[in-house]
Amino acid sequence: MTDITETAEWSALAEHHAEVSVRHLRELFAEDPERVGRMNVTAADLYLDYSKHRVTAETVRLLTALAGAAGLRERIEAMLTGEHINVSEDRAVLHTALRLPRDARLVVDGQDVVRDVHEVLDRMAAFSDRVRSGEWTGHTGKPIRTVVNIGIGGSDLGPAMAYEALRDYADAGITARFVSNIDPADITRVLDEVDPEQTLFIVASKTFGTLETLTNAKVARQWLVERLGDDKAVARHFVAVSTNAERVAEFGIDTDNMFGFWDWVGGRYSFDGAIGLSLMVVVGPERFREMLAGFHAMDEHFRTAPFEENMPVLMAMLGVWYTDFFGAQTHAVLPYSQRLARFPAYLQQLTMESNGKSVRADGVPVIAQTGEIFWGEPGTNGQHAFYQLLHQGTRLVPADFIGFAEPFRDAAAEGGEGMHDLLTANLLAQTSALAFGKTADEIAAEGTPAAVVPHKVMPGNRPTSTILAPKLTPSVLGQLVALYEHITFTQGVVWGIDSFDQWGVELGKVMANQLTPALTAQEPQDGAPDPSTAALVRRYRALRGRRV
Ligand SMILES: O=P(O)(O)OC[C@H]1O[C@](O)(CO)[C@@H](O)[C@@H]1O
């Protein structure tokens, strides 16, 4: 395997970087009146303006050539057709199959994937309809009003983010809550606020072996049985989403009430399948299917569009450009929608668990920097917090601004007419200020005292993408998520890594299990892994009033 940094395309970009990195966006715009008309792309309902990036037409040509040199076209095909591209776990990677239409055909490793996917979707839909209509009741005969999703990582962040994004579409009077952390504060906060007779727990875990989820699920089960006074209540108040039927049964959930998926769906790529059950119960199967159609539309764009017009490829390669050539350390995602408040957190798992790797798929250490660090908050909240650093700090932080033409509902009736336009005006103002800034001359010309001028200079030349969509519908959410999935995939291909395993999270889990007795045993124990940890164990035990 040739390292990407050893290709002619990489060297060409390194040379080109020396020329482009000294240019200001002001100049790039001034010398090319066609720039805005050229540097945009549409995919399904999403419009991307990437003209405010520190690139020229030549940069785009070189970046897409690099994607080609990495074998991106072949790797896309390999993923979509079920090759075992997750090499360290010897698995296919087929989250795109979760949204294939019913009449598509895909057989992988002898399995009719499309038939299986739709079988599960149909069971989910039938179950959701029963819960939504009130036909499925709790143990005492009352309808379900709250679903509590118990899961963590991909079994939490996806459904929690999507629920928040689409909760305006809830039309059956059912709300969702999400419990993930092993911190007892998480589950108790929810249990304190829900009615046991009208609550359905969805225990969501791909492996059904995750400590946090199983612990929280046990707590919820005990709470329920105590409140309803009958073990049999569990059957009406607990369902499971998992790939592991045996463990679901061991836990005491009837596998008739289990919704399955497969090892070729990574946890962080799973909420468009059974892991999205809580969302489907809230918004209904029809909306859920609209979301899947949105995912699929972006999949098709990714599969078919030439790289220079391919939204995920362009955004991925811009990320590579800043990470590997400009040395950018992080990447901000700034949705101008309160409904996307959890989107940055969701993207953190998607991108960082996927691409936070330092060896290539063949086990050889990487040379390039990998794994963009994503972070962000909804606009305008971020503006009043960290945008100062984006505008005037010493670091380069490329940012994605995501906006919508229409809100789900405005606040006109409440006297808030025009609020949404104000929100959008803020988005546009920020990207313009970041790109073009304000010079010392312009500031001095406003009569600013000379000593203050340097403090007010806005350097500009800070790159942003602007994604604009008509409205945050289920379909648009699907498109957005698929966009970032494919950005993540493309970057993984360029860096030559396995984006679909996550071995780096395992050691900590094992050590936590080993350390628990050291914290809880009546007598102090040896065996802390290092002197610092041993001292912290003693301190913790002392604070808890235990013998040291
Ligand atoms: O769905 P599970 O098997 O409970 O796993 C939860 C999460 O834990 C991880 O394996 C990381 O520890 C994630 O990849 C996954 O999404």
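Treat the numbers as computed from the prediction; the structure is a model and nothing was measured. Order of listing sets the numbers, starting from 1, for every ligand and every atom in it.
No side-chain heavy atom of Phe500 sits less than 4.5 Å from a side-chain heavy atom of Arg91.
The shortest N or O to N or O distance between Glu353 and ligand 1 is below 3.5 Å. Taking only nitrogen or oxygen atoms, main chain and side chain alike, Gly154 reaches within less than 3.5 Å of ligand 1.
No hydrogens or angles considered: nothing links the side chains of Asp299 and Thr96 as a donor-acceptor pair under 3.5 Å. At a cut-off of 3.5 Å, with distance as the only test, no side-chain donor of Glu77 or Thr81 sits close to an acceptor on the other residue.
When only non-hydrogen protein atoms are considered, atom 3 (O) of ligand 1 lies nearest to Thr207 OG1, 2.6 Å. Scanning all protein heavy atoms for the shortest distance to atom 10 (O) of ligand 1 gives Lys509 NZ, 3.8 Å. Closest protein heavy atom to atom 6 (C) of ligand 1: Ile152 O, 3.2 Å.
For Arg236 and Trp136, the positive end sits near the middle of the six-membered ring, less than 6.0 Å away and at most 45° from its axis.
Ring-plane geometry between Phe178 and Tyr163 is classed as tilted, the angle between the planes lying from 30 to 60 degrees on a 0 to 90 degree scale.
Of all the atoms in ligand 1, the ones that sit under 4.0 Å from a non-hydrogen atom of Gly153 are 16 (O). Every atom of ligand 1 is numbered from 1 in the order shown, and the set under 4.0 Å from a heavy atom of Thr210 is 2 (P), 3 (O), 4 (O), 5 (O). Each of the atoms 11 (C), 12 (O) of ligand 1 lies under 4.0 Å from some heavy atom of Val505.
Within the 4.0 Å heavy-atom shell around ligand 1 one finds Gln349.
Here the CG-CZ distance, from Leu334 to Phe401, works out to 5.0 Å after rounding to the nearest 0.5 Å.
With a heavy-atom cut-off of 4.0 Å, Gln502 touches ligand 1 through its side chain alone.
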Full working for side chain to side chain contact (heavy atoms under 4.5 Å, CB included) between Phe374 and Thr330
CA-CA 6 Å; Phe374 273 69; Thr330 72; over 6 Å; no
